Protein chains: 2
Amino acid sequence: MSDRSRRSGMREVARAAGVSVSTVANVLSRPSIVAPETRRRVEEAINRVGYVPHGPARQLRGVPSPIVGSVTLDLANPFYAEVNRGIEDRLAAEGCLLLACSTDLREDKETRLLKLLQAQAVRGVIISPIEVDPTRLLTLSRQGTPVVLIDHPRGDLDLCAVTVDDVLGGQLAGEHLLALGHRRIAYLGDTVDPAPVAGRREGLRQAIIAAGLDPADALLDLRLRMRPPSLVDAAAAAAREILSASPEVTAVVCLNDTAALGLLDGLETEGVRVPQDLSIVGYDDLSFARRLTPPLTTVRQPPYSVGKAAAELLLAESAPDHDHREIRFQPELVVRASTAPPR
Amino acid sequence: MSDRSRRSGMREVARAAGVSVSTVANVLSRPSIVAPETRRRVEEAINRVGYVPHGPARQLRGVPSPIVGSVTLDLANPFYAEVNRGIEDRLAAEGCLLLACSTDLREDKETRLLKLLQAQAVRGVIISPIEVDPTRLLTLSRQGTPVVLIDHPRGDLDLCAVTVDDVLGGQLAGEHLLALGHRRIAYLGDTVDPAPVAGRREGLRQAIIAAGLDPADALLDLRLRMRPPSLVDAAAAAAREILSASPEVTAVVCLNDTAALGLLDGLETEGVRVPQDLSIVGYDDLSFARRLTPPLTTVRQPPYSVGKAAAELLLAESAPDHDHREIRFQPELVVRASTAPPR
DNA sequence: GTGAAAGCGCTAACAA
DNA sequence: TTGTTAGCGCTTTCAC
């Protein structure tokens with residue numbers, strides 16, 4: 001490969017090898033039909049001028065883009081980072097690449113990102129959508145950009161989806177706390193509810209009802225601004241909020257482990273002991289959950305597998321006989337030391 | 001926007017509006033020169049057929065790609081996830097997108113990724129490189145794909161770079177331990193040393209020398225396989241290794257906080273108390289470090305700022321009068337409860 | 001076995 | 001003010 005500056009195309013290769021561009025093209029896509037000697041010369045020329053095929057030009061001729069977009073709440077959120085890693089690994093096996101985007105729970109960003117991705121004519125989009133109205137996603141799919149949902153119920157949409165049973169997750173957390181004897185439980189979530197978080201709250205509510213309690217009394221719904229740039233700090237600040245809002249609360253279920261981490265900090269500052277004074281449940285079971293002070297009771301999800309499955313479904317969309325499917329994972333309760341019977 | 005299936009191009013818009021393609025193009029890029037009534041008709045047609053410009057075709061005509069590649073060790077590593085978030089946010093302000101890739105510390109993957117990115121004719125590449133030989137990166141840059149290094153000394157390369165002073169980071173960790181009275185310190189790293197990790201080890205060595213000690217006695221260099229899929233577990237397993245290799249070791253500096261997390265687990269299993277029996281220092285100061293059991297002494301780096309600065313430098317490469325620069329951040333020691341004087 | 005030519009969707013220079 | 005035209009780098013017929 002030479003250091004010749006700027007990029008060179010097939011034309012330069014053809015000139016260097018003394019053949020036509022179509023012969024170069026043949027060497028690249030159907031080497032067997034080219035005379036061995038010619039082929040050798042062309043290959044040598046390719047190395048000499050440092051030729052690399054030009055993706056966009058190939059796309060224009062109908063070769064599909066190797067790029068797949070991933071649209072999540074926040075690519076730095078460890079849960080979605082693992083999802084993306086699962087997507088990336090599955091794509092890599094196909095020579096495809098991951099374009100990762102964050103919405104920060106903002107509809108305008110989501111809209112903008114989808115437009116940008118469509119304009120790039122990506123191979124497809126894997127999205128954990130914010131909004132309830134899925135029209136845009138259906139349109140996108142119908143206009144030729146396959147869409148796979150993650151963390152969002154497929155409903156009656158004509159799309160593939162990979163989900164984790166969030167209602168079950170909420171139930172597991174709720175049942176655990178109820179069994180310990182808690183009768184007033186708070187759910188700490190954001191002001192905007194993406195589908196998975198809403199599902200968990202619903203599961204918690206169902207567990208409370210199933211235990212013969214009235215959610216109006218037993219469930220305190222906390223909706224505070226908990227999002228990307230400062231989730232940990234926001235959760236720490238929520239400690240005071242929770243204590244003043246309702247002193248009778250004896251347990252808090254958090255939207256995720258990161259929020260639980262912040263909340264633990266905030267509670268320490270307020271002099272509240274966990275789990276003696278207050279039980280805390282997280283969500284995700286991130287790698288650090290088991291080594292927090294105290295070790296965090298949480299609900300485990302398999303983010304890497306979710307990502308991998310989503311990529312799998314997306315890649316399958318190109319098949320001619322493709323049927324849209326939903327893959328569902330089950331969450332799992334992990335009991336540690338942040339929960340205990342109420343005082 | 002209609003639900004008309006498949007994607008439509010300018011031609012369909014032109015037909016729908018009863019004008020030529022170039023008038024459509026004018027409405028899009030120089031609306032002012034088009035007659036108001038014509039413009040209205042064209043805009044209406046654009047919405048009606050759901051037109052979205054075709055990026056690859058525009059690229060072929062010389063419009064630069066909005067896509068920037070990021071090549072790091074592992075996009076799910078919280079440190080690089082934050083770096084990527086910094087990149088993404090800066091790019092978003094310019095309407096650009098982040099293509100995130102992981103090398104898993106493997107040269108062959110790095111090579112393959114760079115080739116793929118170049119083939120996509122991306123706007124540029126931000127890379128935390130594995131290998132010492134930077135020829136490929138220079139070639140890439142000369143062939144028209146700007147390259148910005150992160151976490152790698154710029155040296156005499158004609159490239160932009162964003163770095164954190166890793167030698168200083170290692171020194172800070174070393175000085176802290178030496179001041180506590182430790183005289184035999186282990187450094188836990190991978191078998192392959194990417195530049196930043198090598199720098200930290202070097203800093204530690206320098207601190208030891210500056211204290212008048214002989215690194216041959218005072219520094220135990222542990223090189224174990226510590227990488228992506230199971231870093232935490234590998235570090236946990238390293239506990240036994242450390243204890244058997246050298247019982248006189250009283251402190252361990254880990255390549256990052258995630259490894260420290262795993263090591264803490266492993267040590268607990270082995271019945272070793274931290275910091276009473278062994279002091280542990282991490283690196284990065286991830287959000288969970290301060291709430292681990294015990295709270296982790298570590299060296300803080302500003303990943304989000306590193307990413308943001310790298311994106312800034314990359315975007316600046318398009319300017320005609322561009323000069324390659326290096327931006328350097330300083331790490332900071334954060335003392336917590338995982339370090340104490342040796343017994 | 002090799003080359004000439006058309007055209008993918010778009011931009012920009014120029015003509016009308 | 002609008003339309004015609006020539007390519008960007010590539011793949012793919014179809015002649016030679």
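Keep in mind the model is a prediction, meaning the values are calculated, not measured. Order of the sequence lines fixes the chain letters, A, B, ..., with proteins taken first and strands second; residue numbering starts at 1 for each chain.
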Margin query: Working note: Val42(A) + Val34(A), criterion side chain to side chain contact (heavy atoms under 4.5 Å, CB included); need CA distance, chi angles, decisive distance, verdict.
Written below: CA-CA 10 Å; Val42(A) 171; Val34(A) 179; 5.9 Å; no

Next item on the list: Would you mind reading off the distance between Arg41(A) atom CZ and dG1(C) atom P, rounded to a whole angstrom?
Entry: 15 Å

Notebook entry, point to check: Is there a side chain to side chain contact (heavy atoms under 4.5 Å, CB included) between Leu159(A) and Val148(A) once you walk through the steps?
Noted result: CA-CA 6 Å; Leu159(A) 297 173; Val148(A) 172; over 6 Å; no

Notebook entry, point to check: Can you tell me how far the CG atom of Leu157(A) sits from the NE2 atom of His324(A), to the nearest 0.5 Å?
Noted result: 10.5 Å

Check: So what does Pro53(B) touch, heavy atoms closer than 4.0 Å: a base, only the sugar-phosphate, or nothing?
Finding: sugar-phosphate

Next item on the list: Give, ordered by number, those residues of residues 10-29 of chain A having at least one heavy-atom distance below 4.0 Å to an atom of DNA chain D; if nothing qualifies, reply none.
Entry: Met10(A), Arg11(A), Ser22(A), Ala25(A)

Checklist line | Pair Gln120(A), Ser65(A): side-chain N/O donor-acceptor within cut-off below 3.5 Å | finding: no

Check: Arg61(A) has an atom CZ; how far is it from atom P of dC10(C), in whole Å?
Finding: 15 Å

Next item on the list: Report yes if some heavy atom in the side chain of Gln59(B) is under 4.5 Å from a heavy atom in the side chain of Arg61(B); otherwise report no.
Entry: no

Note to self: Between C1' on dC8(C) and CZ on Arg58(B), what's the gap in Å once rounded to a whole number?
What the structure shows: 16 Å

Note to self: Nearest 0.5 Å, please: how far is CD in Glu312(B) from CG in Leu91(B)?
What the structure shows: 10.0 Å

Check: When the distance from CZ of Arg40(A) to C1' of dG1(C) is rounded to whole Å, what number comes out?
Finding: 17 Å

Check: Distance from Leu97(A) atom CG to Leu117(B) atom CG, nearest 0.5 Å?
Finding: 6.0 Å

Check: With a non-hydrogen cut-off below 4.0 angstrom, is Gly62(B) in contact with a base, only sugar-phosphate, or nothing?
Finding: nothing

Note to self: Within the 4.0 Å heavy-atom criterion, would you say Arg30(A) contacts the bases, only the backbone, or no part of the nucleic acid?
What the structure shows: base

Checklist line | Overall bend - the helix from dG1(C)-dC16(D) to dA16(C)-dT1(D), comparing terminal axes fitted on five pairs, nearest 10 degrees | finding: 50°

Next item on the list: Check step by step if side chain to side chain contact (heavy atoms under 4.5 Å, CB included) holds for Tyr80(B) and Leu73(B).
Entry: CA-CA 8 Å; Tyr80(B) 289 116; Leu73(B) 197 59; 3.7 Å; yes

Item checked: Toward the 5' end of DNA chain D, by each residue's nearest nucleotide, Ala57(B) or Pro36(B) -> Pro36(B)

Notebook entry, point to check: Is the backbone N or O of Leu75(B) less than 3.5 Å from a side-chain atom of Ser102(B), with the two atoms forming a donor-acceptor pair by type?
Noted result: yes

Check: Once you round it to whole Å, what is the distance between C1' of dG7(C) and CG of Leu60(A)?
Finding: 9 Å

Checklist line | Distance-only polar pair, side chains of Thr163(A) and Arg154(A), donor-acceptor under 3.5 Å | finding: no

Check: From the 5' end of DNA chain D to its 3' end, which nucleotides mark the outer limits of contact with chain B, defined by a 4.0 Å heavy-atom distance cut-off (strictly under)?
Finding: dT1(D) to dG9(D)

Item checked: Length of the CD1-P vector between Ile33(B) and dA12(C), whole Å -> 12 Å

Next item on the list: Taking the side chain as every heavy atom from C-beta outward, state whether Gln143(A) and Gln118(A) have any pair of such atoms under 4.5 Å apart.
Entry: yes

